[in-house]
Structures are given as C-alpha cells and as structure tokens.
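One structure is given here, and the rest of the page talks about it.
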Amino acid sequence: MKQKVLLLYLESGFGHISSMDSIYQALIDNYSDRYDIQKSYIMREDGYDHLTWMEKFFCKQVENTNKIPGFGRFIFWIISLLGGQHIMRFYHRQLAVRSFRQGLEALRRRNPDVIVSNHYFTDLLAVEYKHRINPDCVVVNYNPDNTLHTFWDKRDGVFVVNNEKAFKRALRLGFKEESLRLVTPCVRQVVEKNTLTRAQLREKYGLPADKFTVVIADGGYMAGRGPKFAREIIKRKLPITLCVITGKNRKCYERFQAIAEGRDKRLKVDDNMTLKVYEFVPEAYELYGAADVFLTKGGPNAVLDSVYMRTPVIIDYCPHVIEETTAKFFIDEYHCGETAFTKGKAVKRIRALMADRSALDGYLANIEKFVAIGNGANAVADIVVEEAEKARSAMQDGEIDGIDVDGGEDTPCDESTDAEYKVEGVAADIVTDGLSYAADEEMFVSEAAAQSFQPAK
C-alpha cells in the first residue's frame with residue numbers, strides 16, 4: 001500500500017496557498033507513482049465550525065497587519081516577548097481548544113503517513129497529531145517566508161527554510177541542526193514555466209501594447225497602501241496603463257470600478273491613462289508579467305512570482321518583520337527592484353523609469369541571475385520522500401521512535417501542560433524565542449550563489 005502524503009492548505013494571505021501548490025505539483029510530477037499524494041484545505045473541508053472560524057481569524061489578522069499602522073510589528077514583538085511558540089501552543093491547546101481538537105480530529109480522519117505544512121498552526125496540528133495519535137507519522141514543514149518568526153513549533157519534524165539567513169536564525173531560535181533543511185525559494189510550476197511574453201500577456205488581457213504598464217496589488221485583501229498609491233497615480237495623470245488588483249476586497253473593487261467607469265465625480269481618469277480593475281485573479285502572476293513594474297507590499301510569494309515573471313518590483317509597504325526581510329532579500333541583496341514607501345516617491349520613480357529604462361534593464365539582468373539559482377519545490381519534494389523512506393525503513397526494522405522493539409509502547413511525548421507553561425518555564429525560553437530581529441538587518445546570499453552572482457547596483 002502506498003504511503004499517504006497529506007499537504008495541509010490554509011488561507012492566511014495567499015502566499016501559503018501558492019507555496020504549497022508548488023510543493024504539491026512537484027510531488028505529483030515526481031512521486032505520484034509511489035505515494036498517495038493528497039491535498040486538503042483542512043480548516044474548511046469538514047465543516048467544523050471552530051476550525052473554520054480559526055481560518056477566518058487568521059485572514060482577519062493578515063488584513064489588520066496591513067491596515068492598522070504598527071499592528072504587525074507589535075504582534076510579532078509581543079508574541080516573541082511572551083515566549084513565541086510556547087504562548088501560541090498555550091493559546092491553541094488551552095484557550096482556542098475547540099478548533100485545536102477539531103483540527104486533530106480532521107487529521108485523524110485522514111490518517112496520513114506524512115504531513116506537509118507551511119503555516120505555524122498546521123505545523124502545530126501536525127506535531128501534536130504525531131505526538132498524540134500516530135507516532136509513526138512524518139512531519140515536514142516548509143517556511144515560505146525569507147525569515148523566521150517565533151511562532152513555529154520546533155519540537156518535532158523536519159523544518160525547511162529557503163535561505164541561509166533563515167537557516168542561521170532557526171539555529172538561534174533553538175531548532176536542532178539535524179532537523180533543518182535548506183532549499184531555494186519555492187515557486188509554482190505554472191509561474192516558473194510560463195512561456196508567454198510581455199507582449200502576449202498584454203494582448204491576452206486586452207492591455208495597450210506600447211504603453212508603460214504598472215500593476216498594483218496588495219496581497220489577497222488589498223488592505224494596505226495599494227489603494228492610496230493607485231489613487232495618487234490616477235490623480236497625477238500619468239500616461240500609463242494602470243492595473244489595480246483588489247483581490248477579495250469587494251468594496252475596494254467597486255470604488256475603483258466606479259473610477260474606471262467615470263461614475264466617481266471626485267477622481268477622473270485622464271484621457272492618456274488606461275485604468276483596468278480586477279477582483280481576485282487566480283492567474284494574477286500573468287498580470288505581473290504584463291507589467292513593466294509591479295507595485296506591491298513586501299509579501300514574499302507575490303514578489304517571488306513577479307520576479308519569476310521577469311517583472312521588477314517596487315515595494316511600497318512592509319508592515320512587519322516578514323515583509324521587511326522580503327525587501328532586504330529581493331531589493332537590498334538581489335537588486336530585483338526598489339522601494340518607495342511614500343506616494344510621492346512612487347510617482348516620482350515611475351516617471352523616472354518611464355523616461356529612462358536603464359534602471360529597469362539592470363533589474364531585469366539581476367532577476368535572470370536570481371532565477372538561475374533555481375526553484376526549490378523539487379528539493380522540498382525530495383526531502384518529503386527521503387523522510388518518508390526513513391520512516392518506512394524504521395518501521396520495517398522495528399525501530400520506531402516511542403515504541404520498543406519488543407512491542408512495549410512508550411509515551412510518545414510529555415502530555416503535561418501545566419509545568420510547561422509555568423512562568424519560569426516560559427521565561428527560560430524567552431532568551432531564545434524573544435530574539436531581536438535587529439540581528440537580521442544584514443541579508444545574505446548563499447555561498448554557492450555568492451560565488452556565481454554579484455548583483456549589479
């Protein structure tokens with residue numbers, strides 16, 4: 001019987017979905033003949049009310065980090081201060097316990113041999129499932145960000161990061177080196193293997209062929225600075241094609257559609273501007289590829305998609321440390337674009353790039369060098385299979401963790417929770433889990449990439 005590999009999908013912004021898609025496709029392409037590979041939107045498929053509520057809660061917090069100034073930085077700081085993974089485990093196991101139990105039940109019903117996750121909550125569920133229900137289960141987590149926050153559960157499983165700086169940070173946060181794996185960033189195959197040119201993509205979406213094109217998006221919910229920057233560009237009457245992707249923000253879509261149709265009396269589109277408005281677009285990466293510049297917040301997967309579509313980025317907002325590190329990674333280190341954190345600077349830079357494309361040409365050259373380091377999705381798929389094979393061999397040899405060869409079963413983990421959450425217990429870990437992100441101010445290039453790639457400035 002084939003081992004069942006279960007990939008857990010969760011919406012908390014759409015980067016978690018797109019990065020998991022990249023791993024799923026790599027597993028299907030390379031290993032579907034040997035493994036039963038399944039994906040599950042586990043938070044919503046079974047109709048568990050508390051589990052569904054929890055996913056909506058995650059989505060709302062993503063919106064809040066983009067919409068409320070300082071909220072994201074405060075949340076990451078306070079959770080780190082309170083113990084990181086310990087306080088999050090306490091919250092889910094002791095306070096939001098119903099969604100936690102429903103998540104474990106959803107996993108029990110699916111009975112996976114291998115669980116692949118890429119969000120701290122699904123990682124927690126996977127580790128707890130292994131500890132409480134099936135000690136033979138293999139847990140592999142891919143971190144889709146360019147740095148680590150302190151929420152991640154480091155007790156069990158393999159933890160995959162996509163750059164050396166994240167690897168080093170994981171060690172500082174207390175991950176065991178033998179549990180860590182290093183790959184390059186994972187991008188979906190449909191993005192990596194796109195063959196349509198910029199001209200063909202413009203034709204596909206009905207965009208003017210020869211007009212300078214700017215695409216604006218702000219994650220899946222358009223809750224950040226995107227709307228303000230878009231209105232400023234319209235107000236300045238730039239002679240461009242402006243595509244505004246509002247995602248799941250219906251109100252924002254209706255407002256910009258009213259502007260595009262001339263129904264908004266406060267803001268008129270100049271005759272020399274072409275304004276196109278879109279709701280959530282599953283193939284948003286194609287619009288990125290149709291643009292000369294992609295103006296967006298520092299969401300790691302959207303920026304990665306744009307870079308793979310050979311479109312330079314202008315990052316306009318970094319609401320917390322994850323997106324600050326995205327800007328450092330793609331802008332400061334690899335020079336695939338630039339930042340413009342005010343409306344005025346964004347307009348100024350677009351005007352300058354329209355007048356002189358030399359900077360864009362430099363970014364495009366750097367993008368080619370970045371893409372050349374390779375897509376990590378196949379490497380993650382190989383890691384999943386490698387760990388599955390280790391588990392299968394261990395079972396065949398009778399050397400399963402937590403079970404004696406003679407059949408006597410040990411407790412797979414310490415189920416005690418009271419001692420773990422005593423103040424002194426948590427405080428002992430704050431030294432590690434409460435590390436300042438200031439240490440991450442310097443970005444990195446992997447040793448191999450550093451030898452082959454010297455980014456142009």
Side-chain angles (χ1 to χ4, degrees), residues 191 194 196-202 204-205 207-219 222 224-246 256 270 272-278 281 284-318 323 326-327 329-332 334-368 370-371 455-457:
V191 179
N194 166 71
L196 296 178
T197 65
R198 204 175 309 280
Q200 289 171 327
L201 289 168
R202 290 185 183 182
K204 178 176 179 178
Y205 286 90
L207 305 178
D210 300 324
K211 190 179 289 187
F212 193 91
T213 302
V214 176
V215 170
I216 293 183
D218 217 0
M222 198 61 157
R225 294 178 179 173
K228 295 179 181 179
F229 279 60
R231 285 195 292 269
E232 184 68 16
I233 291 171
I234 297 170
K235 188 184 301 182
R236 298 291 188 93
K237 304 183 186 304
L238 297 184
I240 65 173
T241 298
L242 178 63
C243 299
V244 180
I245 306 175
T246 62
F256 277 97
D270 189 77
N272 291 321
M273 174 179 284
T274 301
L275 176 61
K276 297 282 189 175
V277 187
Y278 305 86
V281 182
Y285 61 90
E286 292 187 335
L287 283 170
Y288 308 163
D292 294 285
V293 171
F294 178 41
L295 182 63
T296 185
K297 71 186 186 74
N301 285 283
V303 174
L304 180 65
D305 280 357
S306 182
V307 167
Y308 262 84
M309 293 300 291
R310 275 64 173 184
T311 298
V313 293
I314 297 180
I315 294 178
D316 60 21
Y317 184 38
C318 297
E323 302 197 2
T326 300
F329 185 70
F330 286 100
I331 306 301
D332 296 345
Y334 283 104
H335 303 281
C336 297
E338 54 192 73
T339 59
F341 295 135
T342 65
K343 298 179 294 183
K345 182 177 180 182
V347 171
K348 180 179 179 180
R349 289 304 303 148
I350 291 170
R351 287 189 189 278
L353 294 171
M354 291 170 62
D356 181 0
R357 294 187 61 93
S358 59
L360 288 178
D361 293 338
Y363 298 147
L364 289 170
N366 293 333
I367 283 172
E368 291 299 334
F370 176 86
V371 171
K457 302 213 173 178

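- The shortest distance between side-chain heavy atoms of I315 and V303 falls below 4.5 Å.
- Every pair passing side-chain hydrogen bond (donor to acceptor under 3.5 Å, both in side chains) that includes a residue from residues 226-235 is listed here, sequence neighbours excluded: E232-R236.
- Not a single salt bridge (charged side-chain N to carboxylate O under 4.0 Å, His left out) links R198 to another residue, sequence neighbours left out.
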Evaluate the criterion side chain to side chain donor-acceptor pair (under 3.5 Å) for residue pair K211 and T274; output intermediate values, then yes/no. CA-CA 9 Å; K211 190 179 289 187; T274 301; 3.0 Å; yes
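- Listed by chain and residue number, K345 satisfy the side chain to side chain contact (heavy atoms under 4.5 Å, CB included) test with T342 (two or more places apart in sequence, or in another chain).
- D218 and P227 get closest at one heavy-atom pair: OD2-CD, 4.1 Å.
- A distance of 4.5 Å separates CG of D316 from CG of L295, quoted to the nearest 0.5 Å.
- With sequence neighbours left out, Y288 forms a ring pair (Phe, Tyr, Trp, His ring centres under 6.0 Å) with F294.
- Scanning for side-chain hydrogen bond (donor to acceptor under 3.5 Å, both in side chains) contacts around T296 gives an empty result, with sequence neighbours left out.
- Here D305 pairs with R188 under the side-chain hydrogen bond (donor to acceptor under 3.5 Å, both in side chains) rule; sequence neighbours left out.
- Across every non-hydrogen atom of M309 and Y285, the tightest pair is CG-O, 3.3 Å.
- Residues satisfying the side-chain hydrogen bond (donor to acceptor under 3.5 Å, both in side chains) criterion with T339, sequence neighbours excluded, are absent altogether.
- Q200 contributes a side-chain N or O that, together with a main-chain N or O of T197, makes up a donor-acceptor pair within less than 3.5 Å.
- Within the model, atoms CG of L201 and CG of N194 stand 5.5 Å from one another, a figure rounded to the nearest 0.5 Å.
- Not counting sequence neighbours, R351 has no partner by the salt bridge (charged side-chain N to carboxylate O under 4.0 Å, His left out) test.
- Residues satisfying the side-chain hydrogen bond (donor to acceptor under 3.5 Å, both in side chains) criterion with Y317, sequence neighbours excluded, are absent altogether.
- For the pair L353/I314, a side-chain contact is recorded, criterion being any heavy-atom separation below 4.5 Å from C-beta on.
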Start with the C-alpha distance between H335 and I367, add both sets of side-chain angles, then the distance that settles side-chain contact (heavy atoms from CB on, under 4.5 Å), and finish with yes or no. CA-CA 8 Å; H335 303 281; I367 283 172; over 6 Å; no
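- When side chains are defined from C-beta on, L207 counts as touching C243, because their heavy atoms get closer than 4.5 Å.
- The ring pair (Phe, Tyr, Trp, His ring centres under 6.0 Å) check on F330 picks up F370, with sequence neighbours excluded.
- Within the 4.5 Å cutoff, the side chain of I216 has heavy atoms near those of the M222 side chain.
- Residues Y363 and G337 share a closest heavy-atom pair of CE2-O, 3.6 Å.
- Distance check, rounded to the nearest 0.5 Å: CG of N272 to CD1 of I240 gives 11.5 Å.
- Contact between L360 and D292 at its shortest, heavy atoms only, is CD2-O, 4.0 Å.
- The CE atom of M354 sits 10.0 Å away from the CZ atom of R357 when rounded to the nearest 0.5 Å.
- Looking only at side-chain heavy atoms (C-beta outward), L238 and I350 come within less than 4.5 Å of each other.
- Rounding to the nearest 0.5 Å places NZ of K237 at 10.5 Å from CD1 of I234.
- R310 approaches V371 most closely through the heavy-atom pair NH2-CG1, 3.6 Å.
- Contacts of D356 classified as side chain to side chain contact (heavy atoms under 4.5 Å, CB included), with partners at least two apart in sequence or in another chain: S358.
- Between the side chain of R225 and the backbone N or O of K343 there is no donor-acceptor pair closer than 3.5 Å.
- Summarising the geometry, atom OH belonging to Y205 is positioned 12.5 Å from atom NZ belonging to K276; distances are rounded to the nearest 0.5 Å.
- Between the E323 side chain and the C318 main chain, no donor and acceptor come within less than 3.5 Å of each other.
- Contact detail for V313 and S306: the closest heavy-atom pair is CG1-OG, 3.5 Å.
- You'll find the side chain of L304 stays beyond 4.5 Å of the side chain of T326, heavy atoms only.
- Residues T241 and F212 are not in side-chain contact: their nearest non-hydrogen atoms beyond the backbone lie 4.5 Å or more apart.
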